[in-house]
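Please read the structure below before turning to the comments.
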Protein chains: 4
Amino acid sequence: MAETGARALGRPPDPDLQDRRRRELLLAAIDLFARKGFSSTEVQEIADAAGVAKGTVYRYFESKEALFLAAADLSMRELTEWIDRAVERCVEPVERLRTAALTVAGYFERYPERIELLAQERAVFRGSIPPTHAVYREKRRPRFEATLREAIESGKLRSVDVRALANALSYLLFGAILCGSVEHSPRTLKRLVRESIDVVLGLLKTGDDPHV
Amino acid sequence: MAETGARALGRPPDPDLQDRRRRELLLAAIDLFARKGFSSTEVQEIADAAGVAKGTVYRYFESKEALFLAAADLSMRELTEWIDRAVERCVEPVERLRTAALTVAGYFERYPERIELLAQERAVFRGSIPPTHAVYREKRRPRFEATLREAIESGKLRSVDVRALANALSYLLFGAILCGSVEHSPRTLKRLVRESIDVVLGLLKTGDDPHV
Amino acid sequence: MAETGARALGRPPDPDLQDRRRRELLLAAIDLFARKGFSSTEVQEIADAAGVAKGTVYRYFESKEALFLAAADLSMRELTEWIDRAVERCVEPVERLRTAALTVAGYFERYPERIELLAQERAVFRGSIPPTHAVYREKRRPRFEATLREAIESGKLRSVDVRALANALSYLLFGAILCGSVEHSPRTLKRLVRESIDVVLGLLKTGDDPHV
Amino acid sequence: MAETGARALGRPPDPDLQDRRRRELLLAAIDLFARKGFSSTEVQEIADAAGVAKGTVYRYFESKEALFLAAADLSMRELTEWIDRAVERCVEPVERLRTAALTVAGYFERYPERIELLAQERAVFRGSIPPTHAVYREKRRPRFEATLREAIESGKLRSVDVRALANALSYLLFGAILCGSVEHSPRTLKRLVRESIDVVLGLLKTGDDPHV
DNA sequence: CATGAATGAGCCTTCATTCAT
DNA sequence: TATGAATGAAGGCTCATTCAT
């Protein structure tokens, strides 16, 4: 893949291969950390899954913890990309909100294991670092609140406190992802989120009929 | 409790001491597991904190994991008791909902560490067991949905899908507890939950003014 | 051995056994570190040699390095005891000097491996600690110089700079132990030291015949 | 050296560069092994210090151990050269002895780290090879004893057993170098050796006044 | 029952050495 | 010939669990 012509030079350490390996390791890490938990996963297993020797893992990542963090970060970065890509086509603000939420649900329905990374991260790095998901969420907050404001100002949504609403929707989504994947099959995550979000959005819509 | 007289064969057993010890151990476990994480906490530390020898821990609990589970369970059972006690005075259904949510927030504001147990539990027992909080939530669901139905039927809340609404509120609360304790000080948990819940409840109230 | 009656109490962790174990470990450590070198010796080997599990080693010593240091210290302390015991019978100062030197030689002839500990220690703890042998030597220096002074003042030895002479004799002895054990069999250490020391002492004796 | 023209088949080999590299590596090795100890020094560090890649080290030396040995050997060969150069100007035998000893002291005062190589070597190559310094010492012994004999026969020194005296002086020097560098600053090595040696030489001088 | 010394499997990390380029 | 990425054996240390007293 993308092997076209490159790497014929000899000396340079072939950045392509390195990138591929790094990614391979991260994917293996996501999978294993998510399925077995941080401390029950041996670095050797990750190396095996990525098809490299154990020592090689340590060429790419300082430590098991650093690998975990990088894996969690990759996961959240990809989620961010999904959201950005999905949302950029939505002009209508309410639709944009719904789409964003459903994209998150869709992402974790596609990669159910990655939900566990959120829990793992929190559990393992006991407050020593701000959780990746919180960091990413905070980064998106201004855009999020702007969209809400836009929807309210354009009369699409009732007028409520924007900060409180943003929080409520965030928490709802986060809670739905975490709980939904446990209580129901992760396969139904999207439906679950849609139903929950739509209740609230339905209530928010102006016009008196809170039908979704 | 209610242990009086049972199996009082001689001196050694002393069921009171045993109960006290057991509780001592659970409290120490909650504290340490929550503060340091499951795998970073040594059984020895818990024994020390409870003032017993390490071997004694194993007289009361099969294993480190069993101790953790029992600790998580104690935590959730106490939360349940708080809710029951708080709610039993509320006749008005909407007030009952609000009170329950605020009680949960208040509980974790009082014992902020215990929030971590939720994360720990999920992280450590990777799907091998249904998380304690999910079990307790499921147990309360019928009562919860009944209250919602009651509020709707009595015209206090708009008519929406009860299941979806119950989920939405649950997830919101769960998400708020988990995120709020990280993003803000756990001291403001109650305010955070109140604001988030009140937005939604405000929207739900019949009559057109969604002011809280 | 010395098992008489003791240990019948039950709880107290039997200090005798502990002391014996500790000594067992130190002797095994001396032997193995000396024969195989510090880094080529595995903690497991020492545990095996002492008949305990690896974890037990760490109950008695903080780390492999601490174990080494304790071993080196034991070795030097025993040497000190040998010297003290041998010397206490000598009134005549020159005889005392000779006896001390020969006792050192005898000690290392008896425990040839322990010579290696001196080398190991220096090599491993690169200046991070003052070498055990230097510490012990410095502790004896006042007594040593006093003896020299006594011998000179009583006319038994020629008058020379005491400090310089003390150094010269110390270095000679130390060099002889280290080199002699390599160049010749450690079995001849005593003879080697006697010859070297006697040359110098012979020269030192008053009266013109420097015959030993 | 004397490599001129040999095997000059093409461009690549360039024996000069190779010699320079080899020396560079040895000097880096001496420095690092001496400062950090054999096992705490990584081959990579030596490569870095010499400005070559790690793999290149293995083109010049079979293994880390071989590199160490070569480094120790270089050190002793240079010492030998110093001695030879210093001594060749001395006709008077006693002066020759003194000069040799002081040159050794001067050498290690100039390169204090190299003292450590002696200790390292002994510690690492536990008897598997005769220590470099012993080999070199043994090589010089005939010349050394000849000088002593010459001094005695010419009446400059008292008549004592030559072998024993040679040993005593050797051990004294060796011990002084090893101990002196630890107990005092290596800066005073020369003074220390001079004082120690002069005591003995003073006693050896014919004529009754053993003043240095 | 309580104790805490002993156990030993487990695991992360290091680093000398190799070898494809 | 030089390079440095990859390898994987090795080993120090931890800690849950056991069990003799």
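By convention in this document, chain letters (A, B, ...) are assigned in the order of the sequence lines, proteins followed by strands, and residues within each chain are numbered from 1. Source: prediction; values computed, not measured. Only heavy atoms go into these numbers, but all of them, side chains included; no hydrogens, no water, no symmetry mates.
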Quick one: label [X] by what it contacts on the DNA or RNA (base, sugar-phosphate, nothing), any heavy atom closer than 4.0 Å.
X	value
D/Ser40	nothing
A/Thr41	sugar-phosphate
D/Tyr60	sugar-phosphate

Partner of F/dA20 by Watson-Crick or G-U wobble geometry, both contacts under 3.5 Å, or none?
->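 Result: E/dT3.
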For [X] and [N], give me the distance from atom [atom1] to atom [atom2], rounded to whole Å.
X	N	atom1	atom2	result
A/Leu25	F/dA5	CG	P	15 Å
C/Leu32	F/dG11	CG	C1'	15 Å
A/Arg20	F/dA6	CZ	P	12 Å
C/Asp16	F/dT21	CG	P	15 Å
D/Ile46	E/dC15	CD1	C1'	12 Å
C/Glu24	E/dA5	CD	P	19 Å
D/Lys54	E/dT14	NZ	C1'	10 Å
C/Leu17	F/dA20	CG	C1'	12 Å

Does D/Tyr58 put a side-chain nitrogen or oxygen below 4.0 Å from OP1 or OP2 of F/dT3?
->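 No, because none of the side-chain N or O atoms of D/Tyr58 sits under 4.0 Å from OP1 or OP2 of F/dT3.
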Does any N or O in the side chain of B/Thr41 come within less than 3.5 Å of the main-chain N or O of B/Leu32, such that one atom is a donor and the other an acceptor?
->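 Such a contact is found between B/Thr41 side chain and B/Leu32 backbone.
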Donor-acceptor pair, side chain of D/Glu121 and main chain of D/Thr132, under 3.5 angstrom =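 Side chain of D/Glu121 to backbone of D/Thr132, a donor-acceptor pair under 3.5 Å: yes, one is there.
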DNA chain F: 5'-proximal contact among A/Val57 and C/Glu65 (nearest heavy atom) =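 Nearest-nucleotide comparison on DNA chain F picks A/Val57.
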Name the residue closer to the 5' end of DNA chain F, choosing between C/Ser63 and B/Glu62 according to the nucleotide with the nearest heavy atom.
->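 Looking at DNA chain F, the more 5' nearest nucleotide goes with C/Ser63.
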Among A/Glu42, A/Glu45, A/Glu113, the one residue meeting salt bridge (Lys or Arg N to Asp or Glu O under 4.0 Å) with A/Lys36 =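 Among the candidates, only A/Glu45 passes.
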More 5' along DNA chain E: A/Gln44 or C/Arg21, using each one's nearest nucleotide?
->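 On the 5' side of the pair lies C/Arg21.
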If you pin D/Lys64 and A/Glu42 to their nearest nucleotides in DNA chain E, which one's is more 5'?
->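 Result of the comparison: A/Glu42.
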Compare every heavy atom of A/Phe38 with every heavy atom of A/Gln120, then report the nearest pair and how far apart it is.
->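 That closest heavy-atom pairing would be OE1-N, 2.9 Å.
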Which atom pair, heavy atoms only, marks the closest approach of B/Glu24 to B/Ala50?
->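 Scanning both residues, the minimum pair turns out to be CG-O, 3.9 Å.
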F/dA5 base to A/Arg59 side chain: any donor-acceptor pair below 3.5 Å?
->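 Check fails, no donor-acceptor contact within cut-off.
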